[in-house]
Amino acid sequence: GHDCSMARTPRIHGSFGIAASAAAASPAPMHAPMCAVARSSSDGERRPFIEASASSASSARTTDASNGAAGAAGALYAHYVRIVDPDDSARELPTGETGEIVIRAPQLMRGYRNNPAETAVVLRRDADGSRSLYTGDLGYLDEDGYLFIVDRLKDLIKTSGYQVWPREIEEVIATYPAVAEVGVAGMPDARKGEVVMAWVVPVAGRSIGADELRDYCRSKLAHYKVPVRFEFRKELPKTLVGKVLRRALVAETKAQMAGA
């Protein structure tokens, strides 16, 4: 889910050393404002922008636009990374193809505290005996070795045989001027398996209709990615660090439908 307010009204002043994004991929509308703020720091130095994952910092790029493609988590360091088929972890995918991100590195965590079952799911021994972390993140590597994080594997929407990444749809809706926050997830559907649904918080004092948002999405997305349903709210459920809880939105909507 995305909070778009920072992208529209950046209010960060002064200088800082490092900008770090963790817990979820940072939304595209935030990249330019963050880089502009970093470049305007008092000493004029370029600052690292770090995407943190796998319980350790895994990649970085500076705010210089020439250093890494826009939207990339960055170039990897101190890691061996491969992209595998989510349905067949033994099959490594080629450059540019989206799959689960698997990381091997000396600084990987030992495991989840007092949770051996969950540890066994994410930390596995490969055929050569080395230990790898199966991140549950979907992404791909480009030809220059930059890592792009697409979404979370468990949030993948499967509709009419298509695979849809919620983050892609959220980033499109987030660019609509009257949208303050958005979350996207799949809802069960008897015919299609799942359908795409969007929960939207309008900008204060603005009203939005489902039809205008749907038309906007149709102009920028493939037909099967356009949300079938929109729900407008005053706020979205979030974690303590402000990440939109997609699963909570689905659970709340299912409960409402069951009680209807």
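Positions are given from 1, in the same order as the sequence printed here.
With sequence neighbours excluded, the residues forming a salt bridge (charged side-chain N to carboxylate O under 4.0 Å, His left out) with Asp211 are Arg214, listed by chain and number. Residues meeting the side chain to side chain donor-acceptor pair (under 3.5 Å) test with Ser132, sequence neighbours left out: Asp126. Arg206 is linked by a side chain to side chain donor-acceptor pair (under 3.5 Å) to nothing, counting only residues two or more places apart in sequence or in another chain. The side chain to side chain donor-acceptor pair (under 3.5 Å) test applied to Thr253 returns Trp199, not counting sequence neighbours. With sequence neighbours excluded, the residues satisfying side chain to side chain contact (heavy atoms under 4.5 Å, CB included) with Asn115 are Tyr112, Ala117, Glu118. With sequence neighbours excluded, the residues that form a side chain to side chain donor-acceptor pair (under 3.5 Å) with Asp128 are Ser130. Applying the salt bridge (charged side-chain N to carboxylate O under 4.0 Å, His left out) rule to Glu231 yields the partners Arg233; only residues at least two apart in sequence or on another chain are considered. For Ala222, the side chain to side chain contact (heavy atoms under 4.5 Å, CB included) partners at least two apart in sequence or on another chain are Tyr224, Lys225. Residues forming a salt bridge (charged side-chain N to carboxylate O under 4.0 Å, His left out) with Arg218 (at least two apart in sequence, or on another chain): Asp215. Judged as a salt bridge (charged side-chain N to carboxylate O under 4.0 Å, His left out), and not counting sequence neighbours, Arg229 has no contacts.
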### Query
How far apart are the C-alpha atoms of Glu194 and Ser160, what are their side-chain angles, what is the distance that settles it, and do they pass the side-chain contact (heavy atoms from CB on, under 4.5 Å) test?
CA-CA 8 Å; Glu194 288 183 300; Ser160 297; over 6 Å; no

#### Entry: side-chain contact (heavy atoms from CB on, under 4.5 Å) assessment of Leu213 paired with Val179
CA-CA 10 Å; Leu213 266 186; Val179 172; 4.2 Å; yes

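Here the CG atom belonging to Asp87 is positioned 10.0 Å from the CD atom belonging to Glu100, to the nearest 0.5 angstrom. For the atom pair CG of Leu133 and CD of Gln107, the computed distance is 11.0 Å after rounding to the nearest 0.5 Å. For the atom pair Met109 CE and Arg131 CZ, the distance stands at 8.0 Å (nearest 0.5 Å). Considering CZ of Arg82 and CD1 of Ile103, their distance stands at 10.5 Å, rounded to 0.5 Å. Interatomic distance, Leu153 CG to Thr135 OG1, rounded to the nearest 0.5 Å: 8.5 Å.
Judged by distance alone, with hydrogens and angles left aside, the side-chain atoms of Glu168 form no donor-acceptor pair with the main-chain N or O of Trp165 at under 3.5 Å.
Considering only heavy atoms from C-beta on, Ile149 stays 4.5 Å or farther from Leu138 through its side chain. Put simply, the side chain of Tyr176 reaches to within 4.5 Å of the side chain of Ile208, judged on heavy atoms. Using a 4.5 Å cut-off on side-chain heavy atoms (C-beta onward), Val102 and Ile83 make no contact. Residues Phe230 and Met197 fail the side-chain proximity criterion, which asks for heavy atoms closer than 4.5 Å. Looking only at side-chain heavy atoms (C-beta outward), Pro202 and Ser207 stay at 4.5 Å or farther from each other. Within the 4.5 Å cutoff, no side-chain heavy atoms of Leu93 are placed close to those of Val84. Inter-residue side-chain proximity for Pro166 and Arg152 is flagged as unmet; no heavy-atom pair is nearer than 4.5 Å. With contacts defined as side-chain heavy-atom distances shorter than 4.5 Å, the pair Val201/Phe232 does not qualify.
Taking the six-membered ring where the residue is Trp, Phe148 and Tyr140 present parallel rings, their angle staying beneath 30° rather than reaching 60°.
There is a path of hydrophobic side-chain contacts, each under 4.5 Å, that joins Ile157 to Leu221. Cluster membership check: Leu245 does not share its hydrophobic cluster with Leu156, using side-chain heavy-atom separations under 4.5 Å among Ile, Leu, Val, Met, Phe, Trp and Tyr. Hydrophobic clustering (ILVMFWY, side-chain heavy atoms < 4.5 Å, transitive): Leu108 and Val121 are in one cluster. When the side chains of ILVMFWY residues are joined at heavy-atom separations under 4.5 Å, either directly or via intervening members, Leu123 and Val81 end up in a single hydrophobic cluster.
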Show me, pair by pair, the donor-acceptor contacts under 3.5 angstrom made by side chains of residues 182-192, not counting sequence neighbours?
| residue | atom | partner | partner atom | Å |
| --- | --- | --- | --- | --- |
| Asp189 | OD2 | Arg191 | N | 3.1 |
| Asp189 | OD2 | Lys192 | N | 2.7 |

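The salt bridge (Lys or Arg N to Asp or Glu O under 4.0 Å) pairs that include a residue from residues 153-164 are Asp155-Arg246, where partners are two or more places apart or lie in different chains.
Among all heavy-atom pairs drawn from Val196 and Val164, the shortest one is CG2-CG1, 4.3 Å. Nearest heavy-atom pair, Pro237 versus Leu249, reported as atom, atom and distance to 0.1 Å: CD-CD2, 3.4 Å. Closest non-hydrogen pair, Ile173 versus Pro227, comes out as CD1-CG, 4.2 Å.
Using a 4.0 Å cut-off between charged side-chain N and carboxylate O, Asp85 and Arg91 make a salt bridge.
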